[in-house]
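Note sheet for the following structure.
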Amino acid sequence: MALLAEQNLVIKVTVENGKIKCGDVGGNLKVKGKKADNSPLLVTWVSDDSPQRPFRLKFGPLYEASNWWPFQGTAVPETDPLVSHPFTVNNDDADCKYSVVIAGVPELDPVIIVEKKP
């Protein structure tokens, strides 16, 4: 079942024991397209290391599907290296694979699944 969030989501990105840790569930997201109050859901990935490490996000289709971009606006296959990456979720069914990239650390490849809110 997808999470129907009450508030915006913040996913903390850290490096522990030479591996990227992304959020409480390894960076995998399964969410409804809007918050419980029907407002847009903002998801922000943020570096939680001290000092903060810049990181990139690379996005792509999970399956061969025409609707893989789960956020508002034009698809961004790869972000610039920053310490924070905010995106507003679309209220459309979408499946997206993404990678978290930090220089010198193996990539982490979680998944985003957005289910349209009825």
Side-chain angles (χ1 to χ4, degrees):
M1 176 180 231
L3 170 70
L4 186 58
E6 296 290 331
Q7 58 189 356
N8 291 319
L9 299 176
V10 175
I11 300 171
K12 296 177 181 178
V13 176
T14 59
V15 176
E16 294 181 7
N17 300 317
K19 295 182 181 176
I20 297 172
K21 181 179 179 198
C22 189
D24 295 334
V25 291
N28 292 317
L29 290 178
K30 187 170 185 178
V31 297
K32 292 288 186 180
K34 292 190 176 192
K35 293 189 287 189
D37 67 1
N38 217 31
S39 64
L41 175 65
L42 178 69
V43 178
T44 303
W45 285 263
V46 62
S47 175
D48 199 41
D49 285 335
S50 183
Q52 289 183 307
R53 297 182 201 215
F55 63 96
R56 294 179 293 130
L57 298 175
K58 297 191 307 187
F59 296 96
L62 181 60
Y63 304 106
E64 291 185 29
S66 60
N67 184 26
W68 66 271
W69 182 241
F71 305 112
Q72 293 179 6
T74 305
V76 178
E78 186 170 335
T79 66
D80 291 330
L82 300 170
V83 296
S84 178
H85 299 279
F87 291 93
T88 301
V89 177
N90 262 336
N91 191 30
D92 292 321
D93 296 325
D95 297 312
C96 178
K97 178 178 177 174
Y98 73 101
S99 298
V100 180
V101 182
I102 298 174
V105 182
E107 288 184 20
L108 178 68
D109 292 316
V111 173
I112 301 169
I113 297 174
V114 178
E115 295 177 356
K116 188 173 183 176
K117 184 177 175 185

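Keep in mind that what you see is a predicted model, and the values were worked out from it rather than measured. Heavy atoms only: backbone and side chains are in, while hydrogens, waters and symmetry mates are out.
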Problem set entry | Nearest atoms (heavy-atom pairs only) where Val13 meets Trp45 | CG2-CD1, 4.1 Å

Exercise. How many angstroms lie between NZ in Lys30 and CG in Asp95, if you round to the nearest 0.5 Å?
Worked result: 9.0 Å

Exercise. Can you name the closest pair of heavy atoms from Pro86 and Leu42 and give their distance?
Worked result: CB-CD1, 4.1 Å

Exercise. Can you check whether Val105 reaches Arg53 side chain to side chain, under 4.5 Å on heavy atoms?
Worked result: yes

Problem set entry | Val10-Leu82 co-clustered via ILVMFWY side chain contacts under 4.5 Å | no

Problem set entry | Worked check of side-chain hydrogen bond (donor to acceptor under 3.5 Å, both in side chains) between Asp49 and Thr14 | CA-CA 5 Å; Asp49 285 335; Thr14 59; 4.7 Å; no

Seminar exercise, completed: The single option from Leu62, Val111, Ile112 that satisfies side-chain contact (heavy atoms from CB on, under 4.5 Å) with Tyr98 is Ile112

For this session: Would you indicate whether the side-chain heavy atoms of Phe71 and Val89 approach each other to under 4.5 Å?
Result: yes

Exercise. When the aromatic ring centroids of Phe59 and Phe87 are compared, is their separation below 6.0 Å?
Worked result: yes

For this session: Could you tell me the separation between the NE2 atom of His85 and the OG1 atom of Thr44, rounded to the nearest 0.5 Å?
Result: 10.5 Å

Problem set entry | Any side-chain heavy-atom pair of Asn8 and Leu41 under 4.5 Å | yes

Exercise. At what distance, to the nearest 0.5 angstrom, does OH of Tyr63 lie from SG of Cys96?
Worked result: 12.0 Å

Problem set entry | Partner of Leu108 by side-chain contact (heavy atoms from CB on, under 4.5 Å), out of Val15, Ile20, Val101 | Ile20

Seminar exercise, completed: Quick note, salt bridge (Lys or Arg N to Asp or Glu O under 4.0 Å) partners involving residues 36-47, not counting sequence neighbours, are none

Exercise. Can you tell me how far the CD1 atom of Ile11 sits from the NZ atom of Lys21, to the nearest 0.5 Å?
Worked result: 13.0 Å

For this session: Check whether any side-chain heavy atom of Leu29 lies under 4.5 Å from a side-chain heavy atom of Pro110, and answer yes or no.
Result: no

Exercise. Is there side-chain contact between Val31 and Val43, with heavy atoms separated by less than 4.5 Å?
Worked result: no

For this session: Report yes if the side chains of Leu57 and Val100 come closer than 4.5 Å at any heavy-atom pair, otherwise no.
Result: yes

Seminar exercise, completed: In this structure, CG of Leu9 is separated from NZ of Lys35 (nearest 0.5 Å) by 9.0 Å

For this session: Test side chain to side chain contact (heavy atoms under 4.5 Å, CB included) on Asn90 and Gln72 and set out the steps.
Result: CA-CA 5 Å; Asn90 262 336; Gln72 293 179 6; 3.2 Å; yes

Seminar exercise, completed: Note: Val114 and Pro70 closest approach over all heavy atoms is CG2-CB, 3.7 Å

Exercise. Between Asp109 and Glu107, which heavy-atom pair has the shortest distance, and what is it?
Worked result: OD1-OE1, 4.0 Å

